[in-house]
2 protein chains.
Amino acid sequence: MKQTENISIETLRSRFGEAGLRFTRQRETVWNLFARSRRGFSLVEAAKALRKKRVGPATVYRTVALLEEMGFLCRIHDERREHRFVACTPGHVHHLVCRGCGRVVEFAACGIPILERLLAVETGFSIEGHYLEVYGICSECRGANK
Amino acid sequence: MKQTENISIETLRSRFGEAGLRFTRQRETVWNLFARSRRGFSLVEAAKALRKKRVGPATVYRTVALLEEMGFLCRIHDERREHRFVACTPGHVHHLVCRGCGRVVEFAACGIPILERLLAVETGFSIEGHYLEVYGICSECRGANK
DNA sequence: CCGTTATTGGTAAAATTTATCAGTTATGAA
DNA sequence: TTCATAACTGATAAATTTTACCAATAACGG
């Protein structure tokens, strides 16, 4: 399974342009932080890391929300505790999260649609979507424990 | 599909006893709030609702965390925004959430294990668990829109 | 009923998130 | 390249959410 291939800066810039938004130094800096991390960051972590790079906290909050809306960042719930954001491929994807190092691998799930049809019949709901996150230990973390 | 059948107060009381914990008026009050709601509450909502019933905010936070640890409350992410807690059957269950009224219906998922085996092969992770939440519109909310 | 001790409430403090607005800067046009 | 416009930012204040603290309370066993 391929590791997440990140969106290029140029793609990002043009998507901003199309939306009538400016691609500022700060926005690029925020994106780079996430694009280079397999694990992602919580808002607090990102704000702290970006302060050193002259990006104010308010801008970090605003930019992360914006990138999430645009589909470039995904929110990871990470086993019921902290929220993190990771760079992701726009569209419907899911994440496999390592309980050891926290690294995130994207995958395009399936098998769920069948379940959804069953649920629709049994509950009377019309099903519109789902959120799935899988947890495990990556091979690297397994190796480290030996 | 059956509506969530709540744990009885007596069951709850004895589980507290077994764990060496006291079953106080406040803890019972907190439980009752959640047990009677199909939708659940966020911590802020619960704290506000319980203040009227003479349960302090600190106690609400502590008790919700405790009930979650014991498996009587489950955390709902609710479509990427607010966290809510709902009374749930202990064990591995998932939730179907109405985008209209927010009501939550439990279900025991399946189909996921097959996906997990596939992911294990493709990523090298050893898979240990997952979190699944499904969104839709309940029949009551659909009816209301007509 | 009593004593022990877990639990609570009320408040203070900490941590997180949002609002505000004057100053900055990306962008397109000239 | 320069300029004008308006989006964006930063710094701080304010609001909101969560945790810490400790004397007072009350659940539970004996």
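Naming convention: chains lettered A, B, ... in sequence-line order (proteins, then strands); numbering from 1 in each chain.
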- Item | Whole angstrom value for the distance that separates P of D:dT9 from NZ of A:Lys53 | 17 Å

- Query: Between A:Trp31 and A:Phe72, how do the two ring planes meet: parallel, tilted or perpendicular, split at 30° and 60°?
  - Reply: perpendicular

- Protein proximity profile, nucleotides 13-21 of chain D - base contact B, sugar-phosphate-only contact S, no contact -, cut-off 4.0 Å on heavy atoms: ----SSSBB

- More than 12 heavy atoms of other residues, nucleotides or ligands under 6.0 Å from CD1 of B:Ile114: is that the case? no

- Message: Under 4.0 Å between a side-chain nitrogen and a carboxylate oxygen: does that hold for B:Glu10 and B:Arg13?
- Response: yes

- Can you check whether A:His77's main-chain N or O pairs, donor with acceptor, with A:Glu133's side chain at less than 3.5 Å? yes

- Note on the structure: Angle separating the five-pair end axes of the helix from C:dC1-D:dG30 to C:dA30-D:dT1, nearest 10°, is 50°

- Do other residues, nucleotides or ligands put more than 12 heavy atoms under 6.0 Å from B:Arg25 CZ? yes

- Should B:Phe16 and B:Glu28 be marked as a side chain to side chain contact (heavy atoms under 4.5 Å, CB included) after you check the CA-CA gap, both sets of side-chain angles, and the distance that decides it? CA-CA 11 Å; B:Phe16 269 75; B:Glu28 183 173 345; over 6 Å; no

- Any side-chain heavy-atom pair from B:Leu66 and B:Arg27 closer than 4.5 angstrom? yes

- Around atom CD1 of A:Ile9, are there more than 12 heavy atoms of other residues, nucleotides or ligands at under 6.0 Å? yes

- Single hit among B:Phe107, B:Tyr135, B:Tyr131 for ring-ring contact (aromatic ring centres under 6.0 Å, His included) with B:His94: B:Phe107

- Item | Proximity to DNA chain C (any heavy atom under 4.0 Å), residues of residues 13-28 of chain B only | B:Leu21, B:Arg22, B:Thr24, B:Arg25, B:Gln26, B:Arg27

- Which is it for A:Lys48 and A:Phe41 under the side chain to side chain contact (heavy atoms under 4.5 Å, CB included) test, yes or no, and what are the steps along the way? CA-CA 10 Å; A:Lys48 185 180 174 189; A:Phe41 299 91; over 6 Å; no

